[in-house]
Q: 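Please read through the structure below; I'll follow up with questions.
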Amino acid sequence: MGYQEEKQRQLDSRYMRMARIWAENSYCVRRKVGALIVKDKMIISDGYNGTPSGFENICEDESGLTKPYVLHAEANAITKVAKSANNCDGATLYITAAPCIECSKLIIQAGIRRVVYADAYRSDEGLALLRRVGIEIAQVEE
């Protein structure tokens with residue numbers, strides 16, 4: 001492994017640790033997910049899974065299932081950028097769980113060029129869609 005590859009691996013590992021810490025902000029019981037968007041070596045956004053603004057911070061219904069309106073961490077991070085003066089063109093998304101297909105659509109449309117994730121998701125449709133459009137994907141296991 002060359003110097004640049006090793007340096008990128010170290011950065012990926014650091015940002016993933018930060019995303020895991022950010023996931024702790026989630027009120028969800030079933031799974032806490034964190035995301036960071038990094039552009040030009042700066043964190044431009046962050047997010048974690050949870051309910052939309054103005055909703056109670058309860059992610060699961062009485063039977064323990066995730067409520068249908070809960071936002072995924074990457075969707076929260078991307079929409080936060082949309083409310084700012086920044087954009088995601090060429091950015092890297094660090095996320096503690098691989099993206100679902102719906103979030104992968106947002107990733108593509110936002111201009112994110114690289115996705116680094118830690119844990120697998122129950123479906124690999126999202127990753128397949130990202131690969132189809134040439135977005136670089138890396139898994140960081142810790």
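Model, not experiment: these values are computed from the prediction.
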Q: Keeping the roles fixed (side chain from Q139, backbone from A118), state whether a donor-acceptor pair exists under 3.5 Å.
A: yes
Q: Please determine whether side-chain contact (heavy atoms from CB on, under 4.5 Å) holds for the pair I95 and V33, giving the CA-CA distance in whole Å, both sets of side-chain angles, and the decisive distance to 0.1 Å.
A: CA-CA 7 Å; I95 184 155; V33 180; 3.9 Å; yes
Q: Test question: given the 4.5 Å side-chain rule for I, L, V, M, F, W and Y, name all other residues clustered with V70, or answer none.
A: none
Q: What's the verdict on salt bridge (charged side-chain N to carboxylate O under 4.0 Å, His left out) for D124 and R131, showing C-alpha distance, side-chain angles and the deciding distance?
A: CA-CA 11 Å; D124 63 354; R131 283 188 190 97; 5.9 Å; no
Q: Inspect the contact between D119 and R20 and indicate whether a charged nitrogen and a carboxylate oxygen are less than 4.0 angstrom apart.
A: yes
Q: Just wondering, more than 12 heavy atoms not from Q8 lying within 6.0 Å of its CD?
A: yes
Q: Give, for atom CG of D40 and atom CG of N86, the distance between the pair rounded to the nearest 0.5 Å.
A: 8.5 Å
Q: Could you check whether R9 and S13, counting side-chain N and O atoms only, form a donor-acceptor pair closer than 3.5 Å?
A: no
Q: With no hydrogens and no angle check, do the side chains of K39 and N87 hold a donor and an acceptor under 3.5 Å apart?
A: yes
Q: Sub-3.5 Å donor-acceptor pair from the side chain of Q109 to the main-chain atoms of L106, do we have one?
A: no
Q: Cluster question for you: counting only ILVMFWY and a side-chain heavy-atom cut-off of under 4.5 Å, with indirect links fine, are I135 and Y121 together?
A: no
Q: Look up atom CZ in R114 and atom OH in Y94, then write down how far apart they are to the nearest 0.5 Å.
A: 5.0 Å
Q: Hydrophobic cluster membership, with links at side-chain heavy-atom distances under 4.5 Å among I/L/V/M/F/W/Y: are L127 and I101 in one?
A: yes
Q: Can you tell me which residue pairs pass the salt bridge (Lys or Arg N to Asp or Glu O under 4.0 Å) test with a partner in residues 64-79, sequence neighbours excluded?
A: E56-K67
Q: State, to 0.1 Å, how close A98 and Y117 come at their nearest heavy-atom pair, and which atoms those are.
A: CB-CD1, 3.6 Å
Q: Determine yes or no for a side-chain-to-main-chain donor-acceptor pair under 3.5 angstrom, with N49 supplying the side chain and R31 the backbone.
A: yes
Q: Could you see if L11 belongs to whatever hydrophobic cluster contains V38? Use Ile, Leu, Val, Met, Phe, Trp, Tyr and a side-chain cutoff under 4.5 Å.
A: yes
Q: To the closest 0.5 Å, what do you measure between OG (S104) and CG (L129)?
A: 5.5 Å
Q: Is there a donor-acceptor pair under 3.5 Å between the side chain of S26 and the backbone N or O of A23?
A: no
Q: Within the 3.5 Å criterion, strictly below it, is a donor on E6 or Q10 matched to an acceptor on the partner's side chain?
A: yes
Q: Once you round to the nearest 0.5 Å, how far does SG of C88 lie from CD1 of I44?
A: 4.5 Å
Q: Could you tell me if the side chain of L71 sits less than 4.5 Å from the side chain of P52, heavy atoms only?
A: yes
Q: For the hydrophobic clusters of this structure (ILVMFWY residues joined by side-chain heavy atoms under 4.5 Å, transitively), does one cluster hold both I108 and V81?
A: yes
Q: For the pair T96 (side chain) and G34 (backbone), establish whether a donor and an acceptor sit closer than 3.5 Å, ignoring hydrogens and angles.
A: yes
Q: Working to the nearest 0.5 Å, report the span between CG of L93 and CD1 of I112.
A: 5.0 Å
Q: Tell me yes or no: between the side chains of S63 and D61, is some donor less than 3.5 Å from an acceptor?
A: yes
Q: Checking K83 side chain against T79 main chain: does a donor-acceptor pair fall under 3.5 Å?
A: no
Q: Do other residues, nucleotides or ligands put more than 12 heavy atoms under 6.0 Å from Y69 OH?
A: yes
Q: Check whether any side-chain heavy atom of C28 lies under 4.5 Å from a side-chain heavy atom of E60, and answer yes or no.
A: yes
Q: If you define the side chain from C-beta out and look only at heavy atoms, does anything of L36 sit under 4.5 Å from S45?
A: no
Q: Is there side-chain contact between V116 and M16, with at least one heavy-atom pair below 4.5 Å?
A: yes
Q: Go through D46 and K80 one step at a time and tell me if the side-chain contact (heavy atoms from CB on, under 4.5 Å) criterion holds.
A: CA-CA 8 Å; D46 52 57; K80 190 184 274 191; 2.5 Å; yes
Q: Would you please name every residue forming a salt bridge (Lys or Arg N to Asp or Glu O under 4.0 Å) with K7, sequence neighbours left out?
A: none
Q: Any side-chain donor paired with an acceptor under 3.5 Å for R30 and T66?
A: yes
Q: I'd like to know if M42 and I37 are part of one continuous hydrophobic network [Ile/Leu/Val/Met/Phe/Trp/Tyr, side-chain heavy atoms within less than 4.5 Å].
A: no
Q: Taking all atoms of both residues into account, what is the closest heavy-atom pair of I107 and P99, and its distance?
A: CD1-CB, 3.9 Å
Q: To the nearest 0.5 angstrom, please state how far the CG atom of N25 sits from the OH atom of Y48.
A: 5.0 Å
